[in-house]
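To find a chain, count down the sequence lines: A is the first, B the second, and so on, and within it residues start at 1.
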Amino acid sequence: MSQLKVHNSYTRQKEVFTPLTAGHVGMYVCGPTVSGESHLGHARPTITFDFIYRYLLHLGYKVRYVRNITDAGHFEEEGREAEDKISKKAVLEKLEPMELVQKYTNLFHWAMRQFNNLNPSIEPTATGHIVEQIGMIETIIREGYAYVVNGSVYFDVKKYAAQYPYGKLSGRVLDDLLETTRDLEGQEEKRNRQDFALWKAAPPEHIMRWQSPWGEGFPGWHIECSAMSTKYLGTEFDIHGGGMDLMFPHHESEIAQSTICNHRVPARYWIHNNMITINGKKMGKAYGNQIRLSEMFTGKHPLLQQAYSPMTIRFFILQTHYRSTLDFSNEALQAAEKGLKRLWEAYDLLKKLVADEGEGNGSPATTADPALDDKVTKQLREMDEFMKDDFNTAKVLANLFELVPVINSLKGGQIRRDALSPATLQLMKRYFTDYIENILGLKGESTGDDQKLSGVMELLIDIRRDARSKKDYSTSDKIRNQLLQLGIVLKDEKDGGVSYTFA
RNA sequence: GGUCUCGUGGCCGAGUGGCUAGGCAGAGCUCUGCAAAAGCUUCUACAGCAGUUCGAAUCUGCUCGAGACCUCCA
């Protein structure tokens with residue numbers, strides 16, 4: 001068995017993954033800012049780290065997966081004024097800030113369930129950890145790497161950079177930052193332009209505010225993740241994840257803060273997923289192409305030709321390696337939808353085939369087609385290697401698809417039932433379940449589990465069978481065509497059976 | 001302007017020195033009362049130019065093009 005290798009953004013190379021404590025993994029992933037409804041952008045990192053989490057569990061690790069909810073403090077620049085996103089929106093919607101945050105947190109959780117993402121082990125909120133954040137800021141001041149101005153606290157990046165490799169993660173050079181950082185509000189308080197806020201004094205109209213040693217205010221952009229990762233995973237932990245856009249300044253600043261407080265780089269492996277683009281352009285407010293997840297699922301967005309189910313989106317994301325950009329378009333989504341349907345139907349078929357074969361039919365090693373048997377076994381085993389090579393879900397799916405014709409042919413008779421040994425069939429079923437459901441986290445989207453409906457379907461199929469046996473094709477076609485109009489596809493199987501799917 | 005990434009067939013996307021990923025779409029055939037589904041076969045590639053090499057989509061250089069980050073962002 002080969003070892004798990006991950007691409008570490010911090011060293012820019014693929015490394016063998018060795019957890020700090022054998023058998024245990026601590027993973028921190030930057031979660032959403034709940035100042036608005038979750039959009040397509042939230043799908044990529046949450047699904048990426050979900051399959052990473054699932055895979056680590058599959059490998060037998062005990063994983064503590066921490067994903068924060070940012071419900072306070074982030075700034076948004078709109079025109080000249082810098083305002084707190086959450087408090088501003090709260091005024092507009094006439095809600096308590098916490099009411100607003102709760103609303104969007106609930107919507108985020110709803111979307112995560114749609115995607116079949118597992119819950120993190122701990123989901124801490126920024127507002128719930130003000131005390132820890134203040135404590136951390138005090139330590140940084142005591143260590144001499146932060147200074148207080150008018151009730152705000154700033155991190156002294158220049159001093160830090162003289163001692164530590166500031167910019168290592170994101171590939172920044174401090175001198176370049178000096179020249180290129182553009183003007184922002186409040187710059188005049190800072191000693192150097194690249195310094196960042198640890199704590200901001202709240203202006204009187206600001207609703208979200210907490211008491212601190214420096215007066216009433218709210219925490220800076222980056223301190224929450226340092227405080228909460230330290231609290232729940234320790235001063236050094238295994239994996240820190242997030243979107244690539246967070247590398248600078250967010251993760252770079254986190255490293256600086258934690259390095260001063262805890263005297264070490266917090267995480268050993270930094271994993272960053274790439275971005276989603278829409279028709280080749282980055283998704284973002286500035287481009288006016290942000291699609292909310294609720295809009296994806298219903299198709300109600302000018303850019304969408306139809307609704308796309310959560311599993312279609314999940315499958316689409318899985319078809320790409322997580323470190324590549326992924327371009328959304330109607331054509332690509334529709335292709336994913338069809339592909340997933342094909343894969344899922346083959347998987348359903350496989351489960352039935354293996355159940356039919358039973359356990360005791362013949363010797364487990366008997367195969368009428370050793371070459372095919374070997375090929376299937378090899379393609380199954382290969383999936384382990386693909387996944388261990390930096391979580392290559394794209395290649396795993398390719399192999400699963402390679403096996404789809406084999407499954408369909410076993411059913412259709414193009415391949416003899418005894419071509420594969422019972423042991424290989426069992427193995428195939430186990431791998432399909434492990435990968436499709438447990439690791440990739442896909443699930444069926446059946447819409448027809450209704451008992452009465454299936455009873456009616458049986459009846460219609462029965463009537464149609466009678467009609468066909470009498471060569472009464474006008475009746476049989478009428479049944480099929482009218483069902484088709486309702487979105488139910490009848491398929492006459494070779495063996496005389498009839499199956500149906502919901503279009 | 002600085003830093004970096006990337007350019008693969010009609011579309012989406014793996015791969016990264018030799019052995020043609022995969023999905024969707026297209027074509028032909030088989031099966032079929034007809035369909036659908038399925039199976040088999042199959043056409044479109046590696047931005048351009050030059051170099052390294054027995055051999056490059058894969059390495060090097062240049063040109064062109066696209067994108068990201070530097071500012072909240074997933």
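A straight line from CD1 of A/I479 to C1' of B/A35 spans 15 Å, rounded to a whole angstrom. Straight-line distance from the CG atom of A/D389 to the P atom of B/A21: 18 Å, rounded to whole Å. The interatomic distance linking A/Y500 (OH) with B/A38 (P) rounds to 19 Å, in whole Å. When rounded to the nearest whole Å, the span between CG of A/N274 and C1' of B/A14 equals 15 Å. Counting to the nearest Å, the P atom of B/A38 and the NZ atom of A/K491 are 7 Å from each other. Rounded to whole angstrom, the span from the NZ atom of A/K378 across to the C1' atom of B/A21 amounts to 12 Å. Summarising the geometry, the separation between CE on A/M383 and P on B/A14 is reported as 19 Å, rounded to the nearest angstrom. In this structure, CG of A/L318 is placed 14 Å from C1' of B/C12, rounded to the nearest angstrom.
Residue A/S324 is classed as a sugar-phosphate contact, given heavy-atom separations below 4.0 Å to backbone atoms only. Counting any heavy atom pair closer than 4.0 Å across all strands shown, A/R464 reaches a base atom. Nucleic acid contact class of A/L400 (heavy atoms, under 4.0 Å, all strands): none. Using a 4.0 Å heavy-atom cutoff across all strands shown, A/L490 reaches at least one base atom of the nucleic acid. Nucleic acid contact class of A/F316 (heavy atoms, under 4.0 Å, all strands): sugar-phosphate only. Among the heavy atoms of the strands, none lies under 4.0 Å from A/M244.
To the nearest whole angstrom, the two C1' atoms, one in B/U42 and one in B/U52, are 37 Å apart. Going from the C1' atom of B/C31 to that of B/G18 covers 40 Å, rounded to whole Å. B/U41 and B/C62 have their C1' atoms separated by 43 Å, given to the nearest Å. B/G65 and B/C59 have their P atoms separated by 22 Å, given to the nearest Å. Distance noted for atom P between B/G15 and B/A47: 16 Å (whole Å). Straight-line distance between the P atoms of B/C73 and B/C69: roughly 12 Å, to the nearest whole Å. Nucleotides B/G55 and B/A21, compared at atom P, are 22 Å apart to the nearest Å. Across B/A68 and B/C11, the matching C1' atoms stand 23 Å from one another, rounded to whole Å.
Each of A/L40 and A/D477 was assigned the nucleotide of RNA chain B with the nearest heavy atom; the assignment lying further toward the 5' end belongs to A/D477. In this structure, A/N399 and A/F328 both approach RNA chain B, and ranking their closest nucleotides by distance from the 5' end singles out A/F328.
Within the shown strands, nothing qualifies as a pairing partner of B/U20 under the Watson-Crick or G-U definition with both distances less than 3.5 Å. The pairing partner recorded for B/U32 is none, the criterion being a Watson-Crick or G-U wobble arrangement whose two distances lie under 3.5 angstrom. B/C6 is paired with B/G65 under the Watson-Crick or G-U wobble criterion, all donor-acceptor distances under 3.5 Å. Using the Watson-Crick or G-U wobble rule with both distances under 3.5 Å, B/A57 pairs with nothing in any strand shown. In this structure, B/G1 forms a base pair with B/C70, meeting either the Watson-Crick or the G-U wobble geometry with both donor-acceptor distances under 3.5 Å.
Considering only the side chain of A/N392, B/G15 comes nearest among B/C34, B/A74, B/G15. Comparing B/G39, B/C12, B/A14 by their nearest atom to the side chain of A/H321 picks out B/A14. When each of B/A74, B/C12, B/C70 is scored by its nearest atom to the side-chain atoms of A/H42, the top-ranked nucleotide is B/A74. The side chain of A/A398 lies closest to B/G22, out of B/G22, B/A35, B/G15. Of the candidates B/C73, B/A14, B/A36, B/C73 carries the atom nearest the A/T33 side chain, counting heavy atoms from C-beta on.
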Report all side-chain donor-acceptor pairs from residues 114-126 of chain A shorter than 3.5 Å, counting only partners two or more places apart or in another chain.
residue	atom	partner	partner atom	Å
A/N116	ND2	A/G441	O	3.0
A/N117	OD1	A/R314	NH1	2.8
A/S121	OG	A/Y65	N	2.7
A/S121	OG	A/Y65	O	3.4
A/E123	OE1	A/H109	NE2	2.5
A/E123	OE2	A/R67	NH2	3.2
A/E123	OE2	A/H109	NE2	3.3
A/T125	OG1	A/G128	N	3.2

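Remark: A/E331 pairs with no residue by the salt bridge (charged side-chain N to carboxylate O under 4.0 Å, His left out) rule, at least two apart or across chains. Scanning for salt bridge (charged side-chain N to carboxylate O under 4.0 Å, His left out) contacts around A/E252 gives an empty result, with sequence neighbours left out. With sequence neighbours excluded, the residues forming a salt bridge (charged side-chain N to carboxylate O under 4.0 Å, His left out) with A/D156 are A/R191, listed by chain and number. Judged as a salt bridge (charged side-chain N to carboxylate O under 4.0 Å, His left out), and not counting sequence neighbours, the contacts of A/E382 are A/K378. Judged as a side-chain contact (heavy atoms from CB on, under 4.5 Å), and not counting sequence neighbours, the contacts of A/A394 are A/N392.
The two residues A/T393 and A/L318 have their closest heavy-atom pair at OG1-O, 2.7 Å.
Ion pairing of A/R464 with A/D472 is absent here, as no side-chain N (NZ or NE/NH1/NH2) approaches a carboxylate O to less than 4.0 Å. Under 4.0 Å is where a charged nitrogen must lie from a carboxylate oxygen, and between A/D384 and A/R381 no such pair does.
A distance of 6.0 Å or more separates the ring centres of A/F51 and A/Y55. Taking the six-membered ring for Trp and the full ring otherwise, A/F155 and A/Y160 have centroids separated by under 6.0 Å.
Using cut-offs of 30° and 60° for the angle between ring planes, the A/F316 and A/F328 rings count as perpendicular.
For A/R480 against B/A35, a side-chain-to-base donor-acceptor contact under 3.5 Å is present.
Screening residues 316-329 of chain A for salt bridge (charged side-chain N to carboxylate O under 4.0 Å, His left out) gives A/R323-A/D390 as the qualifying pairs, with residues at least two apart or on separate chains.
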Nucleotide N/O of nucleotides 23-29 of chain B paired with protein N/O under 3.5 Å:
residue	atom	partner	partner atom	Å
B/A25	OP1	A/K338	NZ	3.4

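Residues of residues 116-123 of chain A having a heavy atom closer than 4.0 Å to RNA chain B: none are found.
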